[in-house]
Visitor: 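I'd like to ask you about the structure that follows.
Everything quoted here is computed from the prediction, not taken from an experiment. Heavy atoms only: backbone and side chains are in, while hydrogens, waters and symmetry mates are out.
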Amino acid sequence: MGPTSARKDVKKVVLAYSGGLDTSVILRWLQKTYGCEVVTFTADLGQGEELEPARKKAEMFGVKEIFVEDLRETFVKDFVFPMFRANTLYEGQYLLGTSIARPLIAQRQIEIAEAVGADAVAHGATGKGNDQVRFELAYYALKPDITVIAPWREWDLTSRTRLLTFAEENQIPIAKDKRGEAPFSVDANLLHSSSEGKVLEDPAIPPEEMVFQRTISPEAAPDKPTEITIDFVSGDPVAINGVAMSPATLLTRLNELGKANGIGRLDMVENRFVGMKSRGIYETPGGTILLTAHRSMESITLDREAMHLKDSLMPRYASILYNGLWFSPERRMLQALIDASQHSVTGRVRLKLYKGNVICVGRESPNSLYDARVVTFEDDEGAYNQQDAQGFIKLNALRLRLGAQIGRKGGAL
């Protein structure tokens with residue numbers, strides 16, 4: 001199926017381009033189907049691949065405007081760290097490594113589109129997944145009149161064989177490992193790697209060790225724990241073992257520590273925004289360490305009700321991010337609340353990393369609300385009057401006692 005008539009007048013499109021087989025096919029397909037000029041944008045988000053081959057491939061297709069950008073620091077500072085201030089977990093487990101990368105890519109696409117005078121943007125997400133939603137909600141939030149081209153929802157290249165045939169017919173180089181059927185799909189950035197599909201589609205079958213790329217197995221990790229400290233300032237990590245680091249450098253180091261200790265593996269069946277369940281194998285070594293460290297820092301610096309309110313809002317915040325609504329008023333509102341809670345979250349956390357586990361063994365802060373005089377089991381010298389608890393308990397029991405007096409004992413309705 002070709003483009004709709006409304007889209008035939010597209011003159012210039014900015015394509016999110018990895019240089020791989022799929023986006024290379026998309027690039028040539030856009031040139032042939034729309035007859036438009038294609039601008040490529042390739043982002044380095046820490047996926048661990050060389051980006052210059054993508055530039056050379058784009059040049060081979062006659063692309064004149066090619067953007068290859070290192071966005072690792074922006075990614076961690078402005079997207080990953082704000083998310084971690086909320087201790088964000090989707091469905092109690094997933095650290096949202098793919099979700100958090102999409103708004104930054106979309107934002108830069110729109111900025112580039114405006115800079116070069118493009119009237120359209122394109123992405124390589126399929127019509128079954130979440131990424132199409134994440135990209136396009138961001139596009140429309142930032143530039144409501146932009147034209148969006150999603151080739152996987154338009155073309156008839158619906159199988160690997162057809163993609164390869166199109167590539168061969170259009171002189172698109174095909175790597176040897178791309179000629180066969182890929183055993184599973186991989187998405188990676190500095191926060192995580194995600195593996196899905198093909199051999200991983202049966203959730204009853206454990207993944208083979210070859211699936212894991214960012215971590216060694218917990219069984220293969222050292223028998224001796226690794227002890228580290230992480231320093232926080234206003235909710236964000238700033239140093240490891242007393243050495244100050246930039247956001248991307250710090251996360252890179254945590255990834256190395258997590259990998260070496262078998263930390264951060266997750267085998268999950270999740271609920272996609274489009275309605276289906278999917279099985280994903282995630283590796284988030286540095287993020288898993290950071291989550292434990294941040295919660296440990298909050299445990300002594302956050303007021304009880306502030307912490308509980310923040311925890312109650314986290315699932316909503318996680319769903320907003322998972323569903324692609326980073327650029328939404330509700331996310332901004334929640335972010336403002338979350339960030340306001342972090343002013344006192346400053347101090348040092350001590351952790352042991354051991355065979356897949358992240359164990360907090362110490363925490364200290366100049367803003368600590370932990371008062372040993374009050375909580376001690378020894379003589380508190382009047383810091384806390386235990387007789388105060390009697391009235392506190394009776395007042396909280398009053399409604400239960402009144403219910404029990406008329407037969408509603410034990411909280412019966």
Visitor: Run the salt-bridge test on E59 and K56 with the 4.0 Å N-O cut-off and return the result as yes or no.
Guide: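 Result for this pair is no, no salt bridge flagged.
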Visitor: Is the closest side-chain heavy-atom distance between L137 and W326 below 4.5 Å?
Guide: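 No; the side chains remain at least 4.5 Å from each other.
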Visitor: Can you tell whether the side chains of K310 and D303 come within less than 4.0 Å, N to carboxylate O?
Guide: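 Salt bridge absent between K310 and D303.
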Visitor: Between Q342 and E298, does the side-chain hydrogen bond (donor to acceptor under 3.5 Å, both in side chains) criterion hold? Intermediate values first, please.
Guide: CA-CA 8 Å; Q342 299 295 290; E298 286 187 327; 2.8 Å; yes
Visitor: Got a salt bridge between R279 and D267, using NZ or NE/NH1/NH2 to carboxylate O under 4.0 Å?
Guide: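 Salt bridge present between R279 and D267.
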Visitor: Assess whether side-chain hydrogen bond (donor to acceptor under 3.5 Å, both in side chains) is satisfied between S193 and R214, documenting all intermediate values.
Guide: CA-CA 7 Å; S193 72; R214 295 286 180 97; 4.8 Å; no
Visitor: Less than 3.5 Å apart, any donor N or O on the side chain of E270 or Y90 sitting next to an acceptor on the other?
Guide: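 No, Y90 and E270 have no side-chain donor paired with an acceptor closer than 3.5 Å.
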Visitor: Are R265 and Y282 in a cation-pi contact, defined as NZ or CZ under 6.0 Å from the six-membered ring centre and within 45° of the axis?
Guide: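 No, R265 does not lie over the aromatic ring of Y282.
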Visitor: Take K143 and D119 through the test salt bridge (Lys or Arg N to Asp or Glu O under 4.0 Å) and record every step on the way to the result.
Guide: CA-CA 10 Å; K143 192 172 178 61; D119 47 359; over 6 Å; no
Visitor: In Å and rounded to the nearest 0.5 Å, what is the CD to OG1 distance from Q132 to T126?
Guide: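 Atom-to-atom, Q132:CD and T126:OG1 are 6.0 Å apart.
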Visitor: Check step by step if side-chain hydrogen bond (donor to acceptor under 3.5 Å, both in side chains) holds for H123 and D131.
Guide: CA-CA 9 Å; H123 62 76; D131 280 342; over 6 Å; no
Visitor: Go through it in stages, so that I can follow the logic: the residues are H192 and T98, the test is side chain to side chain contact (heavy atoms under 4.5 Å, CB included), and I'd like the CA-CA distance, side-chain angles, deciding distance and then a yes or no.
Guide: CA-CA 8 Å; H192 91 154; T98 298; 2.9 Å; yes
Visitor: Does a side chain donor of either E209 or S217 reach within less than 3.5 Å of an acceptor in the other side chain?
Guide: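 The answer is no; no qualifying pair exists.
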Visitor: Flag the pair C36 / Q31 as yes when at least one side-chain heavy-atom distance between them is below 4.5 Å, and no otherwise.
Guide: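 Sidechains of Q31 and C36: no contact.
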Visitor: Just verifying a value: how many Å separate E330 CD and R316 CZ, rounded to the nearest 0.5 Å?
Guide: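 So the gap between those two atoms works out to 6.0 Å.
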Visitor: Looking at E283 and K259, is any side-chain nitrogen of the basic one under 4.0 Å from a carboxylate oxygen of the acidic one?
Guide: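 Salt bridge between K259 and E283, a charged N being under 4.0 Å from a carboxylate O: no.
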Visitor: Which class fits the ring pair F79 and F327: parallel under 30°, tilted 30 to 60°, perpendicular over 60°?
Guide: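 Taking F327 first and then F79, their aromatic rings stand perpendicular (interplane angle over 60°).
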Visitor: Let me confirm one number: the CD1-NZ distance from I216 to K355, rounded to the nearest 0.5 Å.
Guide: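 It comes to 8.0 Å.
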Visitor: Indicate whether any N or O donor in one side chain lies under 3.5 Å from an N or O acceptor in the other, for S24 and Y17.
Guide: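 Yes - a donor-acceptor pair under 3.5 Å links their side chains.
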Visitor: Is the shortest heavy-atom distance from the side chain of F81 to the side chain of P237 under 4.5 Å?
Guide: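 Contact flag for F81/P237 side chains = yes.
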Visitor: Are D380 and R373 ion-paired here, with the side-chain N under 4.0 Å from a carboxylate O?
Guide: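 Salt bridge flag = no for R373 with D380.
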Visitor: Check the pair V14, R108 against side chain to side chain contact (heavy atoms under 4.5 Å, CB included), reporting the backbone distance first and the verdict last.
Guide: CA-CA 10 Å; V14 179; R108 282 300 296 141; over 6 Å; no
Visitor: Using salt bridge (Lys or Arg N to Asp or Glu O under 4.0 Å), reason through E136 and R153 one step at a time and then give a plain yes or no.
Guide: CA-CA 13 Å; E136 295 179 37; R153 300 201 303 256; 2.8 Å; yes
Visitor: Got a donor-acceptor contact below 3.5 angstrom from the Q390 side chain to the Q386 backbone?
Guide: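 Side chain of Q390 to backbone of Q386, a donor-acceptor pair under 3.5 Å: no, none is there.
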Visitor: Tell me, with the steps shown, if S194 and D187 meet side-chain hydrogen bond (donor to acceptor under 3.5 Å, both in side chains).
Guide: CA-CA 5 Å; S194 163; D187 176 79; 5.7 Å; no
Visitor: CZ/R304 to CG/L369 distance, rounded to the nearest 0.5 angstrom?
Guide: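 R304 atom CZ to L369 atom CG measures 12.0 Å (nearest 0.5 Å).
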Visitor: To the nearest 0.5 Å, what is the distance between CD1 (I338) and CD (Q335)?
Guide: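 If we round to the nearest 0.5 Å, I338:CD1 and Q335:CD are 5.0 Å apart.
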Visitor: Show your reasoning for whether side chain to side chain contact (heavy atoms under 4.5 Å, CB included) applies to T301 and T346.
Guide: CA-CA 8 Å; T301 55; T346 294; over 6 Å; no
Visitor: Run the side chain to side chain contact (heavy atoms under 4.5 Å, CB included) test on V148 and V121 for me, step by step, so that the C-alpha distance in whole Å, both residues' side-chain angles and the decisive distance to 0.1 Å come before the verdict.
Guide: CA-CA 5 Å; V148 177; V121 289; 4.2 Å; yes
Visitor: For the pair T288 (side chain) and I263 (backbone), establish whether a donor and an acceptor sit closer than 3.5 Å, ignoring hydrogens and angles.
Guide: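 No, T288 side chain to I263 backbone: no donor-acceptor pair under 3.5 Å.
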Visitor: Taking the six-membered ring of Y322, is the NZ or CZ of R134 close enough (under 6.0 Å from the centre) and on axis enough (within 45°)?
Guide: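 Yes, R134 and Y322 form such a contact.
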Visitor: Could you check, using the six-membered ring where one of them is a Trp, whether F166 and W155 have ring centers closer than 6.0 angstrom?
Guide: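 Not under 6.0 Å, so no.
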Visitor: For a 4.5 angstrom cut-off between non-hydrogen side-chain atoms, does M210 reach F184?
Guide: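 Answer yes - side chains close enough.
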Visitor: Find the distance between CG (L337) and CZ (R332) and round it off to the nearest 0.5 Å.
Guide: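 Reported value, rounded in 0.5 Å steps: 16.0 Å.
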Visitor: Who pairs with E227 by side chain to side chain contact (heavy atoms under 4.5 Å, CB included), at least two apart in sequence or on another chain?
Guide: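 So E227 forms a side chain to side chain contact (heavy atoms under 4.5 Å, CB included) with R350, K352.
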Visitor: Give me each pair satisfying side-chain hydrogen bond (donor to acceptor under 3.5 Å, both in side chains) with a member in residues 357-368, each pair once, sequence neighbours excluded.
Guide: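 Qualifying pairs: none.
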